[in-house]
Every structure is written in structure tokens, then in C-alpha cells.
Amino acid sequence: MPIKQLVVKTTRQEEMIDITSDINQLIKETGFISGVCHMFVSHTTCGLTINEHADPDVARDILEALNRMVPRGMDYKHIEGNSHAHLKASLMGVNQTILIEEGRLCLGTWQGIFLCEFDGPRQRKIWIKVIEA
Ligand code: ZN
């Protein structure tokens, strides 16, 4: 399968967008039963993470905790003024790799994949490679 691109338009300055069903749909289209899915965001102010997606308050709490850990008002030097977003993106990371079995991602019952926007709203690209194995 060639590399795919998932484009997500974020609507807020900061948000976590559940992309699990988009990724599962993409895997379904490959027809692969077993393999690996690797995803990567080619941006410096958003990230990818896996966490609970059953209760939306978890994503809200993560954003709130990140804001306390990485406040906007620190004495950052970066002239663009969005260092807090760069730092949060690094804390989340830019990629995830998940095994595929029975044509689906091997995620736990409560796990979902989130695109984490820290400097939106913007159009974000996620590069996705699904490998049959
Ligand atoms: Zn910047």
C-alpha cells in the first residue's frame, strides 16, 4: 500500500480530535488482516497520542494538565510566540505505531488515537503507512 495522507481541519486553538475511526476505515480499505500501521504528523505544533476516548473529559483533562505544565506566559525566546505549542507537541510525540489483527487496530477497549492540536485552527496532515505482515 502506498503512503496515505489523512487531512484533518482543526477548529480550535487547542483540541484533541479522535481519529480512530478514520484510521480503522483506512485499514479496512487495504484489506489487510494482519500487519502494522504507522502514522506520523509532519508538524511542529501538533502531536499524536493514544488515550481514553470513551469519556471526553479525559482529553479535556490532558489539555488542562498540559496547559499547567507548559504555561503560555513563560519567558520563551521563540519570536513566533507559540513555544508553548511546540513544547506540548514534543511531549505528545509525532508518531504512533499500532499492530493490526483481524483487520483492526490492536487497541484496548478504552483506547483511541488523538490528533492533538496546540496551535490551531489549522489544516493538519497525518502520513499513514499500513504494512501487511
Ligand atoms: Zn513557532
Side-chain angles (χ1 to χ4, degrees):
M1 182 201 106
I3 289 178
K4 296 257 184 182
Q5 203 180 69
L6 177 65
V7 177
V8 178
K9 281 184 182 167
T10 64
T11 59
R12 296 186 200 158
Q13 189 168 41
E14 293 190 345
E15 62 183 319
M16 288 175 63
I17 298 174
D18 188 344
I19 58 167
T20 314
S21 58
D22 299 296
I23 304 295
N24 266 324
Q25 179 59 37
L26 204 144
I27 289 164
K28 194 175 170 187
E29 288 166 13
T30 67
F32 298 164
I33 300 302
S34 180
V36 176
C37 177
H38 183 78
M39 54 209 97
F40 171 81
V41 284
S42 52
H43 303 284
T44 60
T45 55
C46 80
L48 286 173
T49 196
I50 295 172
N51 214 301
E52 174 167 341
H53 70 156
D55 178 3
D57 279 343
V58 174
R60 214 167 319 171
D61 288 347
I62 290 171
L63 288 176
E64 177 63 26
L66 285 170
N67 279 326
R68 288 178 191 208
M69 284 188 272
V70 188
R72 287 168 183 269
M74 283 177 60
D75 185 25
Y76 302 115
K77 304 298 181 221
H78 179 42
I79 195 146
E80 204 181 13
N82 63 349
S83 280
H84 62 281
H86 289 293
L87 286 162
K88 289 172 197 165
S90 278
L91 287 170
M92 292 295 99
V94 290
N95 58 72
Q96 293 291 335
T97 303
I98 307 172
L99 298 176
I100 299 161
E101 207 49 72
E102 297 175 0
R104 294 185 62 83
L105 294 166
C106 294
L107 288 169
T109 307
W110 310 112
Q111 285 182 317
I113 310 159
F114 292 91
L115 172 81
C116 309
E117 175 63 80
F118 298 118
D119 197 23
R122 293 183 192 223
Q123 184 167 290
R124 300 300 197 173
K125 277 184 276 183
I126 306 164
W127 295 95
I128 300 155
K129 182 77 176 176
V130 183
I131 299 162
E132 190 173 27

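In listed order, ligands and their atoms are each counted from 1. Along the sequence shown, residues are numbered consecutively beginning with 1.
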- [ ] State whether the side chain of T10 and the backbone N or O of P121 hold a donor-acceptor pair below 3.5 Å, judged by distance alone.
- [x] no
TODO: Please report the closest heavy-atom contact between C46 and F118, naming both atoms and the distance.
DONE: CA-CD1, 4.2 Å
- [ ] Please lay out, stage by stage, how E14 and H84 fare under the test side chain to side chain contact (heavy atoms under 4.5 Å, CB included).
- [x] CA-CA 11 Å; E14 293 190 345; H84 62 281; 4.2 Å; yes
Output side-chain donor-acceptor pairs under 3.5 Å for residues 94-110, partner residues at least two apart or in another chain, one line each.
from	atom 1	to	atom 2	distance (Å)
Q96	NE2	L48	O	3.1
T97	OG1	H38	ND1	2.6
E101	OE1	S34	OG	3.3

- [ ] Please check if the side chain of S90 supplies one atom and the backbone of L87 the other of a donor-acceptor pair under 3.5 Å.
- [x] no
Task: Listed protein N/O/S atoms, distance to the Zn ion (ligand 1) under 2.8 Å - done: H78 NE2, E80 OE1, N82 OD1, H86 NE2
Open item on the list: Any side-chain to backbone donor/acceptor pair from H43 onto K125? Under 3.5 Å, distance only.
Closed with: yes
